[in-house]
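Below is one structure, written out as structure tokens; the observations come after it.
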Amino acid sequence: MNHVYGELLNRFVLLAELTPEGELLSANDRLLHFLQIESTAREQPQPLSLWLLNPVELSHALAQVQNKGEWQGQWTFKVGEQLTNAAVTLGRLEEAAKRIYMIAHPLSPSQQLLERFRAVLDETTDLIIVVDAATGRIIDANETAVQQLGFSRLVLLKRHLYQIDSSFPLYTTTTQWQAFVDGLRREPQQRRSVRTSLRLTPDETLDVDATLKLERYLDQEYIIVIARDISEQVALEKKLDSKEKFFETLIESTEDTLLLVDKEGFILYASPSCFKQWGYTVEELTGQSIQKLVHPDDSDFFEKVFKEIASTPKKLFKLTYRSLHKEGYYNWLEAQAKNLIREEAIGAILFSAHNVTNQVLAEERIIQALQQAERLNQELEQHKAELIASQEELRQTNEMLEKNNAELKKINQELDRFVYSASHDLRAPIASALGVITVCKMLDDIDQIKYYLDLQEKGLKKLDSFIQDILDYSRNARLEVQREEIDLQALIKGVFEQYAYMENAERIDKQVHIEAPVPFFSDRRRLTIILNNLISNAIRYSSSRREHPYIKVSIKITENEGEFIIEDNGIGIEEKHLPRIFEMFYRATQDQAGSGLGLYIVKETIDKLRGQISLKSKYGKGTTFRFVVPNLLNQTPQAT
């Protein structure tokens with residue numbers, strides 16, 4: 001058996017033994033015949049590269065054998081003028097590690113062609129089919145063709161081209177097929193492009209654009225078919241054809257008239273509705289000037305507009321003009337025109353016109369009626385203007401009365417509350433003083449008399465403070481705002497000195513920060529009233545239990561306004577009192593004596609200065625008042 005196997009190898013396979021440098025040591029008869037070597041006997045081994053078209057390939061292959069032990073590939077042998085491709089395997093001989101064996105077998109012409117195009121066949125997205133030109137049989141196809149056609153590769157390679165291509169129904173005999181191949185040979189560059197359908201099933205086809213190219217290789221001819229799937233394109237073309245028929249029907253049935261006109265104004269096309277529009281047939285209008293259809297009185301206007309249309313591509317023009325009918329009367333037309341001369345599909349000026357005669361006549365009647373109505377309307381407008389003027393005067397008078405009424409109502413309400421509370425707060429200290437006097441008259445003990453006189457002093461001071469609040473309220477209501485420059489540092493210092501002897505005042509850390517890059521102008525007296533109330537309250541309601549009580553006064557002045565922040569860590573205000581804290585005679589606590597007018601006067605005074613005030617307070621933590629008033633640096637205060 002080994003003898004038979006060796007004989008087969010010697011007869012059909014090219015065998016050789018090489019040195020590591022690629023020199024030919026021995027070869028079988030088949031290789032000697034292939035290389036046209038008469039005898040293997042020679043004094044020195046010859047390099048195999050002498051018979052290779054590209055000798056560099058040998059050195060690369062030998063290097064890989066040394067690294068990996070084996071190499072496989074394809075070489076082109078050159079023997080005389082003959083070139084032959086062969087599949088080659090190189091490897092190390094186990095029994096002689098320094099020697100290399102070579103096994104090779106030449107490739108047939110069809111195999112060489114297939115190897116030549118294999119990379120293209122497998123990678124392209126087009127369908128590629130290789131056909132034997134002599135028989136029409138398919139000898140190979142790429143994966144795209146196999147998948148698109150739905151056949152297995154084995155089934156596909158058993159078929160002829162005419163069995164899958166619907167354009168070859170007449171080439172089923174050898175004579176017919178050879179006639180087709182002869183015709184392909186006569187084509188320029190032996191190439192033919194066709195649009196055809198490839199059969200998938202008896203009832204299903206695949207639309208393709210195909211190129212058939214006749215190739216010759218090693219005295220054999222092959223037809224390379226490269227096809228591109230155009231199923232979507234064909235479907236789109238069918239859809240466009242149906243749309244074209246749809247639009248053709250639409251144009252023929254519409255009452256609007258469509259004209260295609262060249263840049264000189266001659267009609268190239270008219271839709272069938274032109275007869276109804278002008279009384280002319282399509283044949284009568286074709287080649288005529290569009291000016292023929294224009295009323296003489298509108299001819300100059302139409303000519304001017306048409307010149308502009310002809311010189312302005314793609315701009316939409318709208319125009320209304322009178323058009324002459326074949327029978328001599330005229331109609332009003334409303335037209336749209338666009339210069340589409342540069343559009344390859346149209347190449348003309350497109351006019352679309354429809355009859356608006358009834359509409360224009362109706363508009364003329366409406367205009368006449370409107371003109372008459374306009375005269376009546378002008379008279380009505382005059383009366384209306386007079387009425388509006390009277391209503392405006394009445395409205396202004398009304399607003400003034402409502403404003404005065406609201407102010408009077410507020411004054412009356414405040415006056416009622418003021419009279420009630422003032423009478424009570426004024427009489428209480430007097431009654432207390434009278435009671436103390438009566439008691440003192442009956443006492444002989446000087447210490448007791450002094451105690452009651454101290455009580456009387458506190459009551460009279462409270463009365464004095466209340467009277468001062470009343471005076472502040474009265475002056476704020478009736479005096480105008482005075483503009484003067486204010487020394488803020490001196491003002492704050494004076495306020496703190498005024499209350500230096502209040503209870504707990506000496507314990508409080510007084511911090512003042514003033515940022516005033518520009519002078520501050522305001523009403524000194526009103527600003528003093530505001531700060532007196534806020535700082536005295538901060539002292540009065542400081543927490544005696546707090547280890548480090550403080551009052552922080554922060555002032556920031558700009559050209560437009562002054563911002564004042566008075567912050568303390570006193571007893572604070574309960575949340576339920578915050579909405580009413582600025583009401584007249586409202587007291588948030590009964591722990592300290594107070595008239596209930598202080599914060600009300602603060603709010604009214606800030607309103608008089610056209611400012612705003614807000615507060616944040618947390619019971620047991622402290623209170624922060626922030627108010628902002630205008631800086632009258634560059635303005636004069638308005639009288640209020």
Exercise. Taking everything shown except Q489 itself, do over 12 heavy atoms lie less than 6.0 Å from its CD?
Worked result: no

Problem set entry | Distance, nearest 0.5 Å, that separates NZ of K338 from CG of L316 | 5.5 Å

For this session: Taking the side chain as every heavy atom from C-beta outward, state whether F520 and L527 have any pair of such atoms under 4.5 Å apart.
Result: yes

Exercise. Between D568 and Y541, is a side-chain contact (heavy atoms from CB on, under 4.5 Å) present by the stated rule, with each step listed?
Worked result: CA-CA 9 Å; D568 65 65; Y541 298 110; over 6 Å; no

Seminar exercise, completed: Taking every heavy atom of A335 against every heavy atom of Y321, the minimum-distance pair comes out as CB-CE2, 4.1 Å

For this session: Tell me, with the steps shown, if I613 and F625 meet side-chain contact (heavy atoms from CB on, under 4.5 Å).
Result: CA-CA 7 Å; I613 186 170; F625 283 91; 4.1 Å; yes

Problem set entry | Of all pairs that satisfy salt bridge (Lys or Arg N to Asp or Glu O under 4.0 Å), the ones with a partner from residues 387-397, not counting sequence neighbours | E392-R395, R395-E399

Exercise. Using a distance-only test with no angle check, is there a side-chain donor-acceptor pair under 3.5 angstrom linking R540 and N537?
Worked result: yes

For this session: Determine whether T312 and F317 make a side-chain contact, defined as any pair of heavy atoms from C-beta on separated by less than 4.5 Å.
Result: yes

For this session: Would you name the heavy atoms of G572 and T623 that are closest together and state the gap between them?
Result: CA-OG1, 3.5 Å

Problem set entry | Smallest separation among heavy atoms of N569 and H548, with atom names | ND2-O, 3.1 Å

Exercise. Between CG of L615 and CZ of F627, what distance do you get to the nearest 0.5 Å?
Worked result: 13.5 Å

Exercise. If every non-hydrogen atom of I349 is compared with every non-hydrogen atom of D262, which pair is closest and at what distance?
Worked result: CD1-O, 4.0 Å

Exercise. Does the side chain of Q511 come under 3.5 Å of the side chain of D509 through a donor N or O and an acceptor N or O?
Worked result: yes

For this session: Write down the atom of G598, the atom of N533, and the distance for their closest heavy-atom approach.
Result: CA-OD1, 3.2 Å

Exercise. Is there a donor-acceptor pair closer than 3.5 Å between any side-chain N or O of K510 and the backbone N or O of I508?
Worked result: yes

Problem set entry | Audit row: S522, N631, side-chain contact (heavy atoms from CB on, under 4.5 Å) steps and yes/no | CA-CA 6 Å; S522 187; N631 186 355; over 6 Å; no

For this session: For the residue pair L531 and I492, establish whether any side-chain heavy-atom pair is separated by less than 4.5 Å.
Result: yes

For this session: Supply the atom-to-atom distance W332 CH2 to R322 CZ, rounded to the nearest 0.5 angstrom.
Result: 5.0 Å

For this session: Drop me the distance from E604's CD to I529's CD1, to the nearest 0.5 angstrom.
Result: 12.0 Å

Exercise. Where do Q498 and N532 come nearest, in terms of heavy atoms and distance?
Worked result: OE1-OD1, 3.4 Å

Exercise. Any side-chain heavy-atom pair from F266 and I290 closer than 4.5 angstrom?
Worked result: no

Exercise. In Å and rounded to the nearest 0.5 Å, what is the CE to CD1 distance from M502 to I535?
Worked result: 11.5 Å

Problem set entry | Min side-chain heavy-atom separation I341-K263 under 4.5 Å | yes

For this session: Answer yes if the ring centres of Y600 and F582 are under 6.0 angstrom apart, and no otherwise.
Result: no

For this session: Please say whether the positively charged group of K621, taken as NZ for Lys or CZ for Arg, lies over the ring of Y619, i.e. under 6.0 angstrom from the six-membered ring centre and within 45 degrees of the axis.
Result: no

For this session: Please check if any side-chain donor atom of W278 sits under 3.5 Å from a side-chain acceptor atom of S323, or the reverse.
Result: yes

Exercise. How are the rings of Y330 and H295 set to each other: parallel, tilted or perpendicular (split at 30° and 60°)?
Worked result: perpendicular

For this session: Indicate yes or no for a side-chain donor-acceptor contact from S271 to the backbone of L258 under 3.5 Å, with no hydrogens or angles considered.
Result: yes

For this session: Please say whether more than 12 non-hydrogen atoms of neighbouring residues, nucleotides or ligands are located less than 6.0 Å from CD in E575.
Result: no

For this session: Before accepting this row, confirm whether a basic side-chain N of the pair D607/K603 lies closer than 4.0 Å to the acidic partner's carboxylate O.
Result: yes

Exercise. Distance-only, no hydrogens or angles: does the R483 side chain make a donor-acceptor pair with backbone N or O of L632 under 3.5 Å?
Worked result: yes

Can you list, pair by pair, the side-chain donor-acceptor contacts under 3.5 Å of residues 554-566, counting residues two or more places apart and other chains?
residue: T558; atom: OG1; partner: N560; partner atom: N; Å: 3.4
residue: T558; atom: OG1; partner: E561; partner atom: N; Å: 3.2
residue: T558; atom: OG1; partner: E561; partner atom: O; Å: 3.3
residue: E563; atom: OE2; partner: R626; partner atom: NE; Å: 2.7
residue: E563; atom: OE2; partner: R626; partner atom: NH2; Å: 3.0

Problem set entry | L259 side chain reached by L350 side chain, heavy atoms, under 4.5 Å | no

Exercise. Is the number of heavy atoms from other residues, nucleotides or ligands under 6.0 Å of E485 CD greater than 12?
Worked result: yes

Problem set entry | Check: I606 and I530 side chains under 4.5 Å, non-hydrogen atoms | yes

Exercise. Should we count OH of Y329 as having more than 12 external heavy atoms under 6.0 Å?
Worked result: yes

For this session: Apply side-chain contact (heavy atoms from CB on, under 4.5 Å) to the pair Q336 and F351, showing each step before the final yes or no.
Result: CA-CA 6 Å; Q336 292 186 352; F351 267 88; over 6 Å; no

Exercise. So, do L609 and V481 sit near enough that their side-chain heavy atoms are less than 4.5 Å apart?
Worked result: yes

For this session: To the nearest 0.5 angstrom, please state how far the CZ atom of R507 sits from the CD1 atom of I539.
Result: 12.5 Å

